[in-house]
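Below you'll find the structure, written out as structure tokens, and then a few comments.
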Amino acid sequence: MASVQFPFQGFSSLAIHAGHENDPQHSHLTPIYANSTFVFDDAEQGMRRFSGLEPGYIYTRWGNPNMTEAEGKIAAMEAFGVTDSSGAPLQAAAILHASGMAAISTLLLSNLSKGDKVLSHYSLYGGTQDYMNRLLPRLGMEAVIEDLRNPQRAEEALSRDPSIRMVYLETPANPTIQCVDIVVLSEIAHRHGRIVACDNTFATPYLQQPFRLGADFVVHSTTKFLNGHGTIIGGILLGRDVTFMQTQATKTHRLLGGNSNAMESWLLVNGMKTLELRMERHCHNAMEVAEWLHQHPAVAKVNYNGLPDHPDHLVALRQMRHPGAMLSFEMKGGLSAGIEVMNRLKLCTRTVSLGTCDTLLCHPASMTHTSVPREDRLRYGITDGLIRMSVGMENIQDILTDLEQSLATS
Ligand SMILES: *Cc1c(COP(=O)(O)O)cnc(C)c1O
């Protein structure tokens with residue numbers, strides 16, 4: 001758990017310095033604290049630490065200096081330049097987790113009780129969707145799924161159903177890079193006295209700050225662009241209500257046990273220092289790739305929120321600094337064309353996940369979604385020839401050359 005301060009003028013300074021504490025041994029970087037517990041000077045100190053009278057580490061499931069540094073950095077980035085309702089700099093609190101799914105578990109289970117519902121939209125991350133559809137009902141909770149690209153749907157659902165406690169957003173989202181309007185949906189939710197959470201994984205705090213746009217909670221899979229190098233699994237939960245974060249959220253997190261660890265926190269901290277530089281390059285390349293694909297004769301459709309023909313282009317322009325590095329495209333030749341493209345790749349990597357230095361491509365119909373019935377898949381916009389791409393930071397010409405030879409119809 002770490003709170004935010006605002007000593008910096010620019011995002012990159014913050015990404016590099018925020019959260020860092022000087023090491024007593026003068027190590028330049030925070031050493032990797034590979035220990036389970038921390039020692040008390042005497043029994044009285046143990047008592048003071050357990051009762052919260054004295055700050056300090058106790059047991060690594062509850063936190064350690066590597067986790068605190070990562071938490072401080074992400075909290076600083078998400079709250080950078082954002083003010084609270086009284087005009088003071090926003091004090092956001094963060095809890096690092098073992099995975100994005102662990103952070104989402106803490107978010108949902110610290111806020112919702114039996115009988116509560118969560119309002120969300122189509123195209124959520126697969127794990128989140130399964131969590132809402134299969135796990136919540138076993139705990140006496142429920143997800144209400146509407147197309148929230150039309151905010152009127154939120155207005156209607158919230159007026160109709162007082163048991164909806166939370167509005168859960170993910171924007172941009174898979175696989176068609178759908179975006180929902182965080183400002184408008186937060187205003188509606190707050191007018192009805194509900195809370196708003198936003199999965200900011202695809203955007204990162206450099207491109208989009210949900211707290212600035214009205215959200216109460218932000219979650220990330222830090223596995224993706226925040227780490228940026230594909231070396232960890234991790235997640236984080238952030239909240240603007242520091243008291244809630246220090247009590248209910250902390251308690252829930254500690255009991256669920258989805259804590260991060262020293263090594264992965266350390267890798268995350270080092271990855272995040274270059275977030276601004278990386279996102280600038282990722283986004284620049286993504287725009288070039290999208291425009292190139294858009295004019296390619298074998299491509300039926302490109303889903304990229306930076307293209308003016310994307311249905312959510314204007315929402316993305318309003319709430320994001322750049323449109324992001326994720327896109328998808330549909331091959332005219334359907335399933336076999338999708339598979340052929342994947343098999344011809346030479347530079348780009350055939351894999352799931354996203355947000356690494358290299359360009360990643362996956363073909364949902366033959367990979368992640370093979371177990372989903374075709375009709376369901378099509379309803380989510382996952383057509384047979386759809387290919388999803390996390391555009392990397394290679395030289396743009398090299399990416400386009402690889403796509404050119406992979407898309408060439410034989
Ligand atoms: C990957 C991902 C998650 C889940 O995160 P894990 O770190 O894999 O647990 C949640 N939301 C989005 C948008 C993701 O891309």
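Ligands are counted one by one from 1 in listed order, and the atoms in each one are counted from 1 as well. Keep in mind that this is a model prediction, so the values were computed, not measured.
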Strictly below 4.0 Å, N to O, side chains only: are Glu375 and Arg379 in salt-bridge contact? no
Indicate, with yes or no, if the rings of Tyr168 and Tyr131 have centres closer together than 6.0 Å. no
Contact table ligand 1 N or O to protein N or O, d under 3.5 Å:
from     : atom 1 : to     : atom 2 : distance (Å)
ligand 1 : 5 (O)  : Ser221 : OG     : 3.1
ligand 1 : 7 (O)  : Gly100 : N      : 2.9
ligand 1 : 7 (O)  : Ser221 : OG     : 2.8
ligand 1 : 7 (O)  : Thr223 : OG1    : 2.8
ligand 1 : 7 (O)  : Gly234 : O      : 3.4
ligand 1 : 9 (O)  : Gly100 : N      : 3.0
ligand 1 : 9 (O)  : Met101 : N      : 2.9
ligand 1 : 11 (N) : Asp199 : OD2    : 2.7
ligand 1 : 15 (O) : Lys224 : NZ     : 2.7

How far apart are the C-alpha atoms of Gln208 and Asn200, what are their side-chain angles, what is the distance that settles it, and do they pass the side chain to side chain donor-acceptor pair (under 3.5 Å) test? CA-CA 7 Å; Gln208 173 174 281; Asn200 203 27; 2.9 Å; yes
Test applied, side chain to side chain contact (heavy atoms under 4.5 Å, CB included); reference residue, Thr204; option that passes from Met279, Met77, Glu78: Met279
According to salt bridge (Lys or Arg N to Asp or Glu O under 4.0 Å), who are the partners of Asp402, at least two apart in sequence or on a separate chain? none
Can a side-chain donor-acceptor contact be found between Asp376 and His369 if the only test is distance below 3.5 angstrom? no
